[in-house]
A.B. asks: 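Sharing a structure, written as structure tokens. Questions coming.
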Amino acid sequence: MGIVSQEAIKQFQALMDQVDEPLKRTFQNVHQGYPLETFGRFLKAREWNVAKAHKMLVDCLNWRVQNEIDNILAKPIVPTELYRSVRDSQLIGLSGYSREGLPVFAIGVGLSTFDKASIHYYVQSHIQINEYRDRIILPSASRKYGKPITTCVKVLDMTGLKLSALSQIKLLTIISTIDDLNYPERTNTYYIVNAPYIFSACWKVVKPLLQERTRKKVQVLSGCGRDELLKIMDYGSLPHFCKREGSGSSRHSQNGAENCFSLDHHFHQQLYNYIKQQSLIKEPVRPMKQGSFHVDVPEPAAEGTQIAKTIESEFNKFGNGNGLSDSLDDLKINGD
């Protein structure tokens with residue numbers, strides 16, 4: 001870390017020492033014993049501008065207090081059948097760890113339908129996974145590897161990406177806004193796999209809109225990406241959809257215990273059991289309440305709004321007489 005970076009973190013720390021006690025308490029859940037690394041993440045997200053990074057973090061902490069985010073891991077989505085429906089339509093899971101100890105999260109972008117529950121349940125589930133990652137997964141990895149591990153790797157499966165994904169842009173914009181403003185710089189690298197033609201077309205117009213810092217994190221891999229991913233992780237940590245070429249649907253290609261999207265996978269079993277246990281600890285005499293956990297959604301940044309509009313425009317081009325249809329999903333790009 002350079003002298004400028006160290007000085008920025010020192011100034012940031014001095015400003016944070018002045019915040020009110022409720023913000024200091026929720027900040028402990030954010031930094032998990034690594035405050036300097038946390039300052040670094042927020043500074044990086046604001047191009048090392050101390051004033052802007054400080055405002056970003058204070059806004060994040062206020063959002064956490066106002067929405068009781070510290071308690072969200074004690075708010076299970078019940079009944080279990082509803083939570084299973086959420087898991088079957090919001091495809092995300094922890095498949096393993098890189099050789100450097102970074103958690104590997106798999107995301108089924110193309111086959112996530114988000115049509116089995118209300119938006120509030122999907123937002124709640126997304127934040128719960130974020131919080132479980134930050135409070136349980138990353139601290140555990142840090143202890144195991146004897147060093148601060150504060151970021152993860154994400155493998156995005158584009159299998160099944162179709163024009164119908166337009167209907168999900170609103171929800172995905174909400175989720176990405178929550179992540180950008182409250183969980184910045186948590187992803188070390190995004191690996192795109194099983195990318196159809198429609199993704200290639202959208203990526204060409206979206207890529208120039210991204211900040212250089214973000215562009216450098218994205219790698220589009222050939223096919224299922226297995227060979228490239230094996231350079232950074234063992235075979236056992238590969239997402240199920242990367243373990244062989246032509247593995248088919250990322251939602252149903254393996255049984256539940258091997259499919260990291262499934263509620264039957266050990267990661268989701270551990271996560272769901274943890275949330276239910278925390279609920280019983282906080283309210284031991286009350287039955288678990290049904291109903292979603294509502295969260296205020298910040299306004300998306302101008303960059304995010306522009307990207308969403310650009311994606312929508314590109315998808316509409318495919319549906320408005322360009323001679324291209326969902327059949328082009330069978331065409332793969334080579335990641336160049």
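Note that these values count all heavy atoms, side chains included, but never hydrogens, waters or copies made by symmetry.
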A.B. asks: Once ring pair (Phe, Tyr, Trp, His ring centres under 6.0 Å) is applied, what residue pairs with a partner in residues 70-91 remain, sequence neighbours excluded?
C.D. replies: Tyr83-Tyr272

A.B. asks: Hey, could you give me the CD1/CD1 distance between Ile69 and Ile127, rounded to the nearest 0.5 Å?
C.D. replies: 4.5 Å

A.B. asks: Does Glu21 CD have over 12 foreign heavy atoms under 6.0 Å away?
C.D. replies: yes

A.B. asks: If you look at every heavy atom in Ala195 and Val220, which pair is closest and at what distance?
C.D. replies: CB-CG1, 4.5 Å

A.B. asks: Are Gln11 and Ile9 packed together at the side-chain level, in the sense that at least one heavy-atom pair is separated by less than 4.5 angstrom?
C.D. replies: no

A.B. asks: Using a 3.5 Å distance criterion without hydrogens, assess whether the side chain of Asn259 forms a donor-acceptor pair with backbone atoms of Phe261.
C.D. replies: yes

A.B. asks: Can you find a pair of side-chain heavy atoms, one from Cys60 and one from Leu181, that are under 4.5 Å apart?
C.D. replies: no

A.B. asks: Any side-chain donor-acceptor pair under 3.5 Å between Ser89 and Asp115?
C.D. replies: no

A.B. asks: Hey, are the side chains of Lys282 and Asn71 touching, using non-hydrogen atoms and a 4.5 Å cut-off?
C.D. replies: yes

A.B. asks: Answer whether the closest heavy-atom distance between the side chains of Ile92 and Arg87 falls below 4.5 Å.
C.D. replies: yes

A.B. asks: Output yes when a side-chain donor or acceptor of Arg135 lies under 3.5 Å from a complementary backbone atom of Asp70, and no otherwise.
C.D. replies: yes

A.B. asks: One thing to verify: whether Arg64 and Glu131 come together as a salt bridge, which I'm taking to mean a side-chain N less than 4.0 angstrom from a carboxylate O.
C.D. replies: yes

A.B. asks: What is the minimum heavy-atom distance between Leu210 and Arg215, and which atoms define it?
C.D. replies: O-NH1, 2.6 Å

A.B. asks: Under 4.5 Å between any side-chain heavy atoms of Ile232 and Tyr191, yes or no?
C.D. replies: yes

A.B. asks: Rounded to the nearest 0.5 Å, what separates atom OH in Tyr190 from atom CD1 in Ile107?
C.D. replies: 8.0 Å

A.B. asks: More than 12 heavy atoms of other residues, nucleotides or ligands under 6.0 Å from NZ of Lys144: is that the case?
C.D. replies: no

A.B. asks: For Lys116, does the NZ atom sit with more than 12 other heavy atoms under 6.0 Å from it, leaving out its own atoms?
C.D. replies: no

A.B. asks: Salt bridge or not between Arg186 and Asp134? Use side-chain N to carboxylate O under 4.0 Å.
C.D. replies: yes

A.B. asks: With a 3.5 Å distance limit and no angle check, can you tell me whether Ser176 reaches the backbone of Thr173 through a side-chain donor-acceptor pair?
C.D. replies: yes

A.B. asks: Give the intermediate values and the outcome of side chain to side chain contact (heavy atoms under 4.5 Å, CB included) for residues Ile178 and Trp63.
C.D. replies: CA-CA 10 Å; Ile178 288 172; Trp63 173 79; 4.0 Å; yes

A.B. asks: Would you mind checking if Asp88 and Arg84 are paired as a salt bridge, meaning a charged N to carboxylate O distance below 4.0 Å?
C.D. replies: no

A.B. asks: Just verifying a value: how many Å separate Gln278 CD and Leu280 CG, rounded to the nearest 0.5 Å?
C.D. replies: 9.5 Å

A.B. asks: Flag the pair Ser262 / His268 as yes when at least one side-chain heavy-atom distance between them is below 4.5 Å, and no otherwise.
C.D. replies: no

A.B. asks: Let me see the working for Glu100 and Ile149 under side chain to side chain contact (heavy atoms under 4.5 Å, CB included), right down to the final yes or no.
C.D. replies: CA-CA 9 Å; Glu100 294 183 348; Ile149 293 178; over 6 Å; no

A.B. asks: Of all heavy-atom pairs between Gln269 and Leu263, which one has the smallest distance, and what is that distance?
C.D. replies: NE2-O, 2.7 Å

A.B. asks: Check Ser279 against Ala74 and note the closest heavy-atom contact, atom names and distance.
C.D. replies: CB-O, 3.3 Å

A.B. asks: Is Lys24 paired with Asp17 through a side-chain N to carboxylate O contact shorter than 4.0 Å?
C.D. replies: no

A.B. asks: Might you point out which heavy atoms bring Val86 and Ala117 nearest each other, and give the distance in Å?
C.D. replies: CG2-CB, 4.0 Å

A.B. asks: Please report, to 0.1 Å, the donor-acceptor pairs under 3.5 Å made by any side chain of residues 35-45, with sequence neighbours excluded.
C.D. replies:
from	atom 1	to	atom 2	distance (Å)
Thr38	OG1	Tyr34	O	3.0
Arg41	NH1	Pro184	O	2.5

A.B. asks: So, do Cys242 and Val155 sit near enough that their side-chain heavy atoms are less than 4.5 Å apart?
C.D. replies: yes

A.B. asks: When you measure from the side chain of Arg99 to the backbone N and O of Met233, does any donor-acceptor pair fall under 3.5 Å?
C.D. replies: yes

A.B. asks: Could you tell me whether the side chain of Asn49 and the main chain of Ala51 form a donor-acceptor pair under 3.5 Å?
C.D. replies: yes

A.B. asks: Under 4.5 Å between any side-chain heavy atoms of Asn130 and His126, yes or no?
C.D. replies: yes

A.B. asks: Atom CG of Leu57 and atom CE of Met16: how far apart are they, to the nearest 0.5 Å?
C.D. replies: 4.0 Å

A.B. asks: What ring pair (Phe, Tyr, Trp, His ring centres under 6.0 Å) pairs are there with at least one residue in residues 84-115, not counting sequence neighbours?
C.D. replies: Phe114-Tyr122

A.B. asks: Distance check, rounded to the nearest 0.5 Å: Ser200 atom OG versus Leu161 atom CG?
C.D. replies: 11.5 Å

A.B. asks: Go through the steps for Leu209 and Lys207 under the test side chain to side chain contact (heavy atoms under 4.5 Å, CB included), then give the verdict.
C.D. replies: CA-CA 5 Å; Leu209 302 178; Lys207 188 176 180 180; over 6 Å; no

A.B. asks: Closer than 3.5 angstrom, by distance alone: can the side chain of Thr151 be matched with the main-chain N or O of Asn188 as a donor-acceptor pair?
C.D. replies: no

A.B. asks: Distance-only, no hydrogens or angles: does the Gln168 side chain make a donor-acceptor pair with backbone N or O of Ser112 under 3.5 Å?
C.D. replies: yes

A.B. asks: So, Asp157 side chain and Thr159 main chain: donor-acceptor pair closer than 3.5 Å or not?
C.D. replies: yes

A.B. asks: Is the closest basic N to carboxylate O distance between Glu185 and Arg213 below 4.0 Å?
C.D. replies: yes

A.B. asks: Taking Ser85 for its side chain and Glu81 for its backbone only, find out whether a donor-acceptor pair lies under 3.5 Å.
C.D. replies: yes

A.B. asks: At their closest point, which heavy atom of Met56 faces which heavy atom of Asp180, and how far apart are they?
C.D. replies: CE-O, 3.0 Å

A.B. asks: Would you find a donor on one side and an acceptor on the other, under 3.5 Å apart, between the side chain of His266 and the backbone of Cys260?
C.D. replies: no

A.B. asks: Is the ring pair Trp203/Phe199 parallel, tilted or perpendicular, if the boundaries are 30 and 60 degrees?
C.D. replies: parallel

A.B. asks: Determine whether Leu23 and Asn62 satisfy the following criterion, side chain to side chain contact (heavy atoms under 4.5 Å, CB included), listing intermediate values before the conclusion.
C.D. replies: CA-CA 7 Å; Leu23 300 192; Asn62 278 315; 3.5 Å; yes

A.B. asks: Just how far is it from atom NZ of Lys243 to atom CG of Leu230, taken to the nearest 0.5 Å?
C.D. replies: 10.0 Å

